[in-house]
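In what follows, a structure is listed as structure tokens, so that the remarks can point back to it.
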Amino acid sequence: MKPPGTGSAPRSRAARAGAGGERRASGRPGIASPPTGTESEDTLPLPGTRPRIGLPILLPATGAAVILLAHGLLGALIYGLDWNPTPDMLLAGSAATGMIVSFALLSTAGQWLGRRIGKIIEVLERTQVGDYSQRVESGLHDDVGMLARRVNLLVSTSAAREKRIIESALSDPLTGLPNRTLLTERIRHSLAISRRARTPFCVAVVDLDRFKFINDTLGHAAGDTVLREVARRLRATVRETDTVARLGGDEFVLLLVGSEDAGREVCTRILAAMRTPLAHRDQLIDIGLSIGLSVHPQHGDDDVTLLRHADTAMYRAKRRRAGVEVFDGELHEVRRSYLSMLGELRTALQGGQLVLDYQPKLDLTSGLIVGVEGLVRWNHPTRGRVPPGEFIPFAEQTGFMREITPWVIAEGVRFAAEITARGMLLNVSLNVSAQDIENPALSGRVAEILAERKLDASRITLEITESGLLSETENALSNLQSIAALGVRLSVDDFGTGYATLKQLQKLPVHELKIDRSFVSGMNTNRGNETIVRSTVDLAKQLGLRTIAEGVETVAELRALASMGCDEIQGYYLAKPMPSAEVITWVEMRHALYASSRETYFRTLVER
């Protein structure tokens, strides 16, 4: 006979589970064993497992313990009273005691279980109406406790999911700012408060300058980086009571508490905060803003009107490069006038109202006039002379530039053919927009116009803004290469205001860099501008390109540019833009003076 505890005595269920646990873990990787010890509220047993303590075990065990206790008390009572009951009496007393204890136990357990299930039902009902603040105390590790933990997990996940849905519906996914829907709610709330308390507030529309150029030249990833950084700086600059929202694209809106003066002060701080360039990889990106401000109640009594008037003021700030503009009654009429201008442009183009004025260019080596730039003007029958800044931006926005540009090229080529026939070998520069470079028909149209006039293509230069030339789309590169192959010269206009890299300049078929007037103006008193101009001239020489400085207004600037090695200049110091007949006379007089007396010619040039 084997001693106890040895041989084939069956192992306990726990021992068998322990022995097989390692095999199950290795046989089903990634499935964790049920946790031991105290479980958290959001930790649930795996499907198929049982709680450690259940009512089928708890109730009988508790009942047996209470019955034993009752029997012990009954025995103590008999002993203390010195009572000698018969066996039948003991049996009857034992049965009665068991029934009483069982009924009391079942009643207490039912009430306890009812309260627990009632709490679960209450939490579920609250969850159904969107109240996720309540939780159920799980208590014991029984069936009801497991249900309570599952309900708690359901409430937590439902609350998190609803929070994500609300945030997605009311916020901008890129910047995390409130979107148009939430902004509208807050403006209407501010309107209600303002009407009751008679306190003003401001709505500011903020638009980034040259954002499209950033996207086109550096890519959309860089654009997203700029938008996130602008959002961060806006949030850091406004007050806690203000709202910053993003409507889409590069347009932000501010809801500012207080009067017009308070709104202006916040906008001024914002402009100052944006002056620091943003570093993106190996590029420094300048962040420019234009802000339009409207004030309640002076400029509107509803959200739509306030936003529209702030938007109108923003466009005026952008045109004037003023930073901040406040709406006034005239602005609305001015914008209506601009919209009517766009409707009249087609009539102007067909009716001969558009003309080209020409501004001479001076070669700093020879001192001769070597070219002119054609600048489009609009002679409106009722408004008079309309400058290009008043209608060209809107023509670009509406796509009408694609009809204006072929006319500009045709008129410029016609003028170049005319002066060539008179023996004036001048180069005529014409401006082409970034939209035109994307037009696949552009190069073919240029070739047709040159062929019609039988003009040497080298007499024409097309000036394209830096951002337009840096577009790397297939249409743009194909156009540039085809136009350069014709013999037409290409110029990078407003150089220094975009984001050209040396690598990009090397692969483009350009012939000259035109230094923007913002760097030339005041270069003798601004060391930063002087450094930029000198560096641009040196860079152009290394690349084999010519340089032209525009916006020259003083003889000191002319002398400084000549000493740096700049090739050509143009600006008001030399001459303002003139009609075609006038510029021909002006150039012929200068050339005649040069031929008769160079000393007098150069003295006239530098002693004005």
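Relative to the six-membered ring of Y572, K576 meets both conditions, a distance below 6.0 Å and an angle of at most 45° to the axis.
Heavy-atom contacts from other residues, nucleotides or ligands closer than 6.0 Å to CZ of R414 number more than 12. Residue-environment remark: CZ (R598) stays at or below the threshold of 12 foreign heavy atoms within 6.0 Å.
A salt bridge is defined here as a Lys NZ or Arg NE, NH1 or NH2 lying under 4.0 Å from an Asp or Glu carboxylate O, and R402 with D436 fails to meet this definition. Using a cutoff of 4.0 Å between basic side-chain nitrogens and carboxylate oxygens, D328 and R316 are scored as salt-bridged.
Sorted by first and then second residue, the ring pair (Phe, Tyr, Trp, His ring centres under 6.0 Å) pairs involving residues 442-462 (not counting sequence neighbours) form an empty list.
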Where do S458 and D456 land on the side-chain hydrogen bond (donor to acceptor under 3.5 Å, both in side chains) test, with the steps shown first? CA-CA 5 Å; S458 64; D456 181 1; 2.9 Å; yes
Are V520 and I569 close enough, and set up right, to give a side chain to side chain contact (heavy atoms under 4.5 Å, CB included), and what steps lead you there?
CA-CA 10 Å; V520 175; I569 66 155; over 6 Å; no
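In this structure, N524 and T554 approach most closely via the heavy-atom pair ND2-OG1, 4.4 Å. Between S491 and T461, the shortest heavy-atom contact is CB-CG2, 3.8 Å.
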Show the atom names and distances, to 0.1 Å, of all donor-acceptor pairs under 3.5 Å that link a side chain in residues 354-377 to residues at least two apart or in another chain.
| residue | atom | partner | partner atom | Å |
| --- | --- | --- | --- | --- |
| D357 | OD2 | R385 | NH1 | 2.9 |
| Q359 | OE1 | Q570 | NE2 | 2.8 |
| Q359 | NE2 | A575 | O | 3.0 |
| K361 | NZ | S429 | OG | 2.7 |
| K361 | NZ | E463 | OE2 | 3.2 |
| D363 | OD1 | T365 | N | 2.9 |
| D363 | OD1 | S366 | N | 2.7 |
| D363 | OD1 | S366 | OG | 3.2 |
| D363 | OD2 | R546 | NH2 | 3.3 |
| S366 | OG | L368 | N | 3.2 |
| E373 | OE1 | K514 | NZ | 2.7 |
| E373 | OE1 | Q570 | NE2 | 2.9 |
| E373 | OE2 | N431 | ND2 | 2.9 |

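The distance from the CG atom of D209 to the CG atom of D286 is 11.0 Å, given to the nearest 0.5 Å. A distance of 12.0 Å separates CE of M523 from OG of S518, quoted to the nearest 0.5 Å.
Checking H280 against E229 by side-chain atom types alone, no donor-acceptor pair falls below 3.5 Å.
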